[in-house]
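Here is the structure we will look at, set down as structure tokens.
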Amino acid sequence: MQHFFIFSYTIVKWLEFNIKSPLQRLQQIYWYKYFGGVCFITGYVDFKANDKCFFKESIEINYSSNKYFILFKGRLYNKTNLKNILTESNFKLESNSDEEILVKLFILYGYDIVNYLDGVFTIAIWDTKKEELFLARDHLGVKPLYYYMENHVLYFSVSIKNLFQEFNLRPILNAQSIGEIFGIGPAHTPGLGIFKDVFELKPAHIAVFNKNSIHFNKYWKLESNMHEDDLDTTCDRVSHLLESAINKQLGDDKNICTMLSGGLDSSIMTAYAYKHVVKNNCYPLKTFSVDYLDNDKNFIKSEFQPNSDNYYIDIMRNIYKTHHRKFIIDTPELAKALKEAMLLRGYPGMADVDSSLLLFCKEIKKECHITFSGECADEVFGGYPWFFNENSLESNTFPWSLATLERQNILNPEISKKLDLKEYIDYRYNESLSEVNVLNCDSKDTKRARKASHLTFNWFMQTLLDRADRMSNGLEIRVPFCDYKLIEYVWNIPWEMKALNGREKGLLRYIMEKKKVLPREIIERKKSPYPKTHNPTYLKVVKNMLLEIMKNQSSPIHNLINDDYVFDILNTDGKNFSKPWFGQLMTGPQLIAYLIQLNMWLEEFNPKFEL
């Protein structure tokens, strides 16, 4: 189901995409109104079942002879404070809806409304009297917003696929698109939407559209300042900020659960969630983990995945007496979900790392509507290998994507002659680094860590946040580590303190031990990322899928790739591509699956090529 409204910029269109849940009863109504010659269409979805609605309906708010129309996607964590502000300012609230609160705050503060919001959100407000559209996106970009302009028409949407599908727009791939898919992908440059003339509203930005202008403004950024707190004070401050972030996201909700891998980050979420369910007398806490058929037999230890999760999950489950369920994914369903995962992202993503999360969320959603994830702790506290690897730190490129030459080799030779991926990657890398403010008083290690953290926040973390939001399938995934107040403070902690005892996330481990939050075995566990399948049958399945694509001369992927090089990838099980395609998980089978998603993407969108 979709709900959208159209404004004239001349015309502005909004669309939200919602996957229908069996628990939802949906009703969609359309009507037309005309204000000052502007054609206005609005639609809403009415949820009357017990299931909480994650996607909000459009609402008309009348105030002081003006009409405002709002669409809101997200969650406000300081809703009570916002209501108090309105009450003290003599605004009367007719309901408890987020939309009414936001519109009246907008009336009170105008564009500065974003400075009072604490949450994750995409907001669109149409001011009828001004004939002006206001758009806003949350601090870290947890919620999406894309836009496209053509012939003085502005379209915007939370879904790339629906942006084109609903409005019969023709997607176009140009040289920049190829640079993004083959040079940067599955990440993307902040502000770009892969296709020509498709953009995203950047995190922490607002946009104002009216008949005279299009204006963008960044309302929040990380400020570099000297850190003056000693270790004990720093620990207390971090502990307070983290606990506050978790508690405000827990709120009064009772039907919650956690994604539990037995790692430090998910275990922290589980420990605090356990306190919450005990306090609210709604235990046992439900916890969920994901694994793959026969992974216990086929697990291969590596630098990036030093151990499997099961032993550590059992430790947490036994201590907190959680109601735990492990979801086992088999190869056929993992491969089958590659297309759905790609469509939800709107472009090729993290392959089966995406599709497994999609399947995982579908299972969790059967029992819970809100889950807590430890996502973003590695970005905030320095948990990834590239924060410690000298070669990565001195690579002068994105440290999670070192296979620049191999990426170039995979391009169609004719395209490769015209497009130097290293040049494109270098441009984006240096452009991003130019935004980093290092201090003269920063040590050499802290200066390098600031740069690595900036890149990780704006590129790698955004890719994972996109993944969590798009694959959620209506499940609300809350990420307290992605709290902007916590990040503001941790940003300025010197690297020597952040990497205490020379450990990844050393400061966070030290705090958890000092505060006696977790057992020592969990605290000392070496970082291990989201699990991926090690089952050889998966490699066999994706190899066969890509082989069929390659044998079909009409497959659109032939327009973009070097066929001989891709056949070498297939013949060597991806081993000739010696470095991971992206991050820690996308090795041979995932690279093959990425190419499968690329072909699916080209078939689905049928883009025009302007190369």
Side-chain angles (χ1 to χ4, degrees), residues 140 222 227 229 231-243 245-246 258-272 303-307 309 312-313 315-316 372-390 392-393 399-400 443 445-446 448-457 460-461 464-465 479-531 583-585:
L140 278 306
L222 289 171
H227 185 77
D229 294 341
L231 178 58
D232 286 342
T233 305
T234 298
C235 290
D236 290 340
R237 183 69 175 145
V238 170
S239 179
H240 170 73
L241 287 168
L242 177 57
E243 190 167 352
I246 295 170
T258 67
M259 294 174 164
L260 177 62
S261 68
L264 178 67
D265 315 329
S266 68
S267 296
I268 291 171
M269 293 299 111
T270 299
Y272 281 102
E303 175 190 1
F304 295 131
Q305 288 192 302
N307 43 49
D309 293 338
Y312 300 94
I313 290 172
I315 292 174
M316 290 297 296
F372 281 74
S373 165
E375 200 79 87
C376 300
D378 290 309
E379 290 83 354
V380 177
F381 288 94
Y384 290 117
W386 54 77
F387 283 104
F388 296 85
N389 185 294
E390 193 70 21
S392 296
L393 289 169
W400 52 83
S443 67
D445 287 342
T446 297
R448 294 201 306 182
R450 280 199 197 275
K451 293 177 181 179
S453 294
H454 174 85
L455 294 171
T456 305
F457 282 148
F460 195 82
M461 186 173 81
L464 298 187
L465 288 174
V479 282
F481 280 112
C482 196
D483 179 83
Y484 79 93
K485 294 178 182 177
L486 173 66
I487 291 174
E488 281 178 338
Y489 184 76
V490 177
W491 168 254
N492 286 306
I493 297 174
W495 179 247
E496 293 80 3
M497 191 182 293
K498 196 180 294 183
L500 201 62
N501 300 319
R503 288 293 309 272
E504 75 281 2
K505 294 179 288 194
L507 178 64
L508 185 61
R509 295 177 192 277
Y510 180 78
I511 293 169
M512 291 303 109
E513 184 169 26
K514 182 179 179 182
K515 302 293 182 180
K516 296 181 170 54
V517 175
L518 294 172
R520 188 167 184 80
E521 273 191 286
I522 299 296
I523 292 171
E524 291 300 320
R525 184 187 180 189
K526 187 175 180 181
K527 175 187 164 46
S528 190
Y530 180 87
Q584 307 165 85
L585 301 177

- Query: Yes or no on side chain to side chain contact (heavy atoms under 4.5 Å, CB included) for Y484 and L140, after CA distance, side-chain angles and deciding distance?
  - Reply: CA-CA 7 Å; Y484 79 93; L140 278 306; 3.7 Å; yes
- Which residues satisfy the salt bridge (charged side-chain N to carboxylate O under 4.0 Å, His left out) test with K514, sequence neighbours excluded? D232
- Message: A side-chain contact here means heavy atoms from C-beta on lying under 4.5 Å apart; do M497 and L231 qualify?
- Response: yes
- What pairs with S453 under side chain to side chain donor-acceptor pair (under 3.5 Å), at least two apart in sequence or on another chain? none
- Message: For G374 versus D265, what's the shortest heavy-atom pair and its separation?
- Response: O-CB, 3.5 Å
- Look up atom CZ in F460 and atom CG in L465, then write down how far apart they are to the nearest 0.5 Å. 11.0 Å
- Message: Just so I know, are the side chains of C482 and M461 near enough to count as touching, which here means a heavy-atom distance under 4.5 Å?
- Response: yes
- Rounding to 0.5 Å, atoms CD (E521) and CZ (R525) come to a distance of 11.0 Å
- Note on the structure: With sequence neighbours left out, the residues meeting side chain to side chain donor-acceptor pair (under 3.5 Å) with D378 are K505, K527
- pair F457-V380: side-chain heavy atoms closer than 4.5 Å: yes
- Rounded to the nearest 0.5 Å, how far does NZ of K451 lie from OG1 of T456? 14.0 Å
- Identify, with sequence neighbours excluded, every residue that meets side chain to side chain contact (heavy atoms under 4.5 Å, CB included) alongside I511. C235, V238, S239, L507, K515
- Task: Applying side chain to side chain donor-acceptor pair (under 3.5 Å), name anything that partners E504, two or more places apart in sequence or on another chain.
- Result: R509
- Could you name each residue pair satisfying salt bridge (charged side-chain N to carboxylate O under 4.0 Å, His left out) that touches residues 484-493, not counting sequence neighbours? D118-K485
- Message: Under the rule for side chain to side chain contact (heavy atoms under 4.5 Å, CB included), what residues qualify as partners of D229, not counting sequence neighbours?
- Response: H227, T233, T234, Y489
- Message: When you compare the side chain of L508 with that of F481, does any pair of heavy atoms fall below 4.5 Å?
- Response: yes
- Task: Kindly write out the residues that satisfy salt bridge (charged side-chain N to carboxylate O under 4.0 Å, His left out) with E375, not counting sequence neighbours, or none if the list is empty.
- Result: R467
- Is the ring centre of F372 less than 6.0 Å from the ring centre of Y272? no
- Any salt bridge (charged side-chain N to carboxylate O under 4.0 Å, His left out) involving residues 491-503? Give me the pairs, sequence neighbours left out, ordered by first then second residue. R503-E524
- V490 side chain near E379 side chain, heavy-atom distance below 4.5 Å: no
- Are the side chains of W400 and L455 in touch, meaning some heavy atoms are under 4.5 Å apart? yes
- Message: Once ring pair (Phe, Tyr, Trp, His ring centres under 6.0 Å) is applied, do any residues pair with W495, and if so which ones, sequence neighbours excluded?
- Response: F387, F388
- Query: Between I313 and G262, which heavy-atom pair has the shortest distance, and what is it?
  - Reply: CG1-N, 3.8 Å
- What residues form a side chain to side chain contact (heavy atoms under 4.5 Å, CB included) with S267, not counting sequence neighbours? L260, M316, L518, I522
- Please report the closest heavy-atom contact between W491 and R450, naming both atoms and the distance. NE1-NH1, 3.1 Å
- Task: Return the set of residues passing side chain to side chain donor-acceptor pair (under 3.5 Å) with S373 (not counting sequence neighbours), or none when no residue passes.
- Result: none
